[in-house]
Amino acid sequence: MNQSSDECEWRLPYEQATQNHLVAPALRSGSTSLLRRDEVESYLPMREPFLFVDEVTYVDQEKPSIAVRYDLARESRVLDSHFPGEPMWPGVLQIDATGQAGGLLALMMENDLSCQSIALTHVHAARFPIPVRPGKPVEFCATYFESGLFRIVVGQCVQDGQICSTSAMSLA
């Protein structure tokens with residue numbers, strides 16, 4: 001099977017992200033908030049209830065990488081019904097949140113406050129080995145690189161120090 005050059009670009013970072021933290025736990029768990037939710041809103045066009053970034057806790061412009069935190073308490077309606085007795089946060093929302101973290105990183109790196117639209121165009125791969133449960137905050141770590149007109153985001157959803165999901169996607 002022939003793999004396109006686009007697929008080859010994201011495949012290795014994605015495979016590495018399934019095994020290792022993109023941002024070391026000691027770096028992302030700092031109590032200092034680099035950006036608060038109101039500041040995040042100056043970059044991203046999403047708003048409540050579909051803005052999944054409460055604060056940015058880590059940014060590395062060299063790598064580039066980002067860690068953001070989201071409080072699942074505001075998702076109680078979704079979690080109560082998905083699934084009764086065994087609540088978990090839906091994987092599609094984990095992908096969206098990871099994309100928001102990666103898109104935010106790209107916009108911060110480019111210092112672009114004028115973005116009115118950022119769209120997920122393709123999910124290349126996703127894995128959900130551990131359910132994301134209510135009652136605890138969740139972190140999203142992401143890195144990105146450019147591929148033609150698109151930004152390829154590779155990211156993770158982390159809860160209690162465990163990688164709960166990994167995904168690779170294209171944003172425009």
Side-chain angles (χ1 to χ4, degrees), residues 6-48 50-72 89 91-127 132 137-159 161-172:
D6 286 345
E7 182 177 344
C8 293
E9 288 183 65
W10 63 262
R11 176 73 57 199
L12 182 59
Y14 172 74
E15 290 301 327
Q16 291 171 340
T18 64
Q19 301 298 317
N20 302 302
H21 289 278
L22 288 172
V23 175
L27 294 175
R28 69 172 194 275
S29 65
S31 59
T32 305
S33 179
L34 301 176
L35 286 179
R36 294 179 320 273
R37 189 174 179 93
D38 59 329
E39 296 166 307
V40 168
E41 288 179 352
S42 68
Y43 284 95
L44 294 177
M46 296 80 170
R47 294 296 180 264
E48 189 72 35
F50 277 95
L51 177 59
F52 303 122
V53 178
D54 288 331
E55 63 180 334
V56 175
T57 58
Y58 176 82
V59 175
D60 181 345
Q61 294 184 352
E62 302 273 325
K63 191 172 179 180
S65 58
I66 192 169
V68 305
R69 197 170 293 140
Y70 180 65
D71 180 8
L72 280 179
W89 203 41
V92 68
L93 297 181
Q94 293 174 50
I95 292 172
D96 197 323
T98 302
Q100 288 179 26
L104 176 61
L105 174 63
L107 295 171
M108 289 173 69
M109 296 290 292
E110 298 162 13
N111 201 19
D112 185 359
L113 290 174
S114 64
C115 178
Q116 297 300 308
S117 174
I118 189 166
L120 173 67
T121 61
H122 190 88
V123 176
H124 300 287
R127 292 182 187 157
V132 174
V138 65
E139 296 172 302
F140 296 93
C141 303
T143 187
Y144 87 101
F145 53 91
E146 293 187 24
S147 178
L149 298 174
F150 299 95
R151 292 176 184 98
I152 306 296
V153 171
V154 173
Q156 304 168 320
C157 174
V158 179
Q159 190 176 52
Q162 295 185 304
I163 300 170
C164 297
S165 69
T166 55
S167 54
M169 66 203 76
S170 293
L171 302 178

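Every value quoted in this text rests on a predicted model; they were computed, and no experiment measured them.
- In terms of heavy atoms, Tyr43 sits closest to Leu107 at O-CD1, 3.5 Å.
- Residues that satisfy the ring-ring contact (aromatic ring centres under 6.0 Å, His included) test with Tyr70, not counting sequence neighbours, are Phe52, Trp89.
- Taking both residues in full, the closest heavy atoms of Ser147 and Ile152 are given as CB-CG1, 3.8 Å, listed atom of the first, atom of the second, then distance.
- Considering only residues two or more places apart in sequence or on other chains, Ser65 meets the side-chain contact (heavy atoms from CB on, under 4.5 Å) condition with Val23, Tyr58, Asp60, Lys63.
- Looking at residues two or more places apart in sequence or on another chain, you find a side-chain contact (heavy atoms from CB on, under 4.5 Å) between Pro137 and Arg69.
- Interatomic distance, CG of Leu149 versus CG of Leu171, reported as 13.0 Å (0.5 Å rounding).
- Cys141 approaches Val158 most closely through the heavy-atom pair SG-CG2, 4.5 Å.
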Evaluate the criterion side-chain contact (heavy atoms from CB on, under 4.5 Å) for residue pair Arg151 and Met109; output intermediate values, then yes/no.
-> CA-CA 12 Å; Arg151 292 176 184 98; Met109 296 290 292; over 6 Å; no
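- To the nearest 0.5 Å, atoms CG (Leu22) and CG (Asn20) are separated by 8.5 Å.
- Heavy atoms of other residues, nucleotides or ligands lying less than 6.0 angstrom from CD of Glu48 number more than 12.
- Between the side chain of Gln100 and the main chain of Phe50, a donor-acceptor pair closer than 3.5 Å is present.
- Here the CE atom belonging to Met108 is positioned 10.0 Å from the CG atom belonging to Leu44, to the nearest 0.5 angstrom.
- When the side-chain hydrogen bond (donor to acceptor under 3.5 Å, both in side chains) test is applied to Gln156, no partner is found at least two apart in sequence or on another chain.
- Residue Cys157 comes nearest to Val132 through the heavy atom pair SG-CG2, 3.6 Å, listed as atom of the first residue, atom of the second, then distance.
- A donor-acceptor pair is defined here as one N or O able to donate and one able to accept, closer than 3.5 Å; such a pair exists between the side chain of Thr143 and the backbone of Pro64.
- Residue pairs meeting the salt bridge (charged side-chain N to carboxylate O under 4.0 Å, His left out) criterion with at least one partner in residues 15-26, sequence neighbours excluded, are Arg11-Glu15, Glu15-Arg127.
- Residues meeting the side-chain contact (heavy atoms from CB on, under 4.5 Å) test with Ala142, sequence neighbours left out: Ile66, Ala101, Val153.
- Classified by interplanar angle (parallel below 30°, tilted 30° to 60°, perpendicular above 60°), the ring pair Tyr14/Trp10 is perpendicular.
- Remark: Glu41 engages Arg37, Arg47, Leu51 in a side-chain contact (heavy atoms from CB on, under 4.5 Å) (not counting sequence neighbours).
- Here the closest heavy-atom approach between residue Val154 and residue Pro13 is recorded as CG1-O, 3.7 Å.
- Not one N or O on the side chain of His21 forms a donor-acceptor pair closer than 3.5 Å with the backbone of Ile163.
- Using a 4.5 Å heavy-atom threshold, the side chains of Leu104 and Val40 count as touching.
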Evaluate the side-chain contact (heavy atoms from CB on, under 4.5 Å) criterion for residues Met169 and Ile95: first the C-alpha distance (whole Å), next the side-chain angles of each, then the deciding distance (0.1 Å), finally the verdict.
-> CA-CA 8 Å; Met169 66 203 76; Ile95 292 172; 3.9 Å; yes
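- Of all the heavy atoms in Val138 and Leu72, the pair that sits closest is CG1-CG, 4.1 Å.
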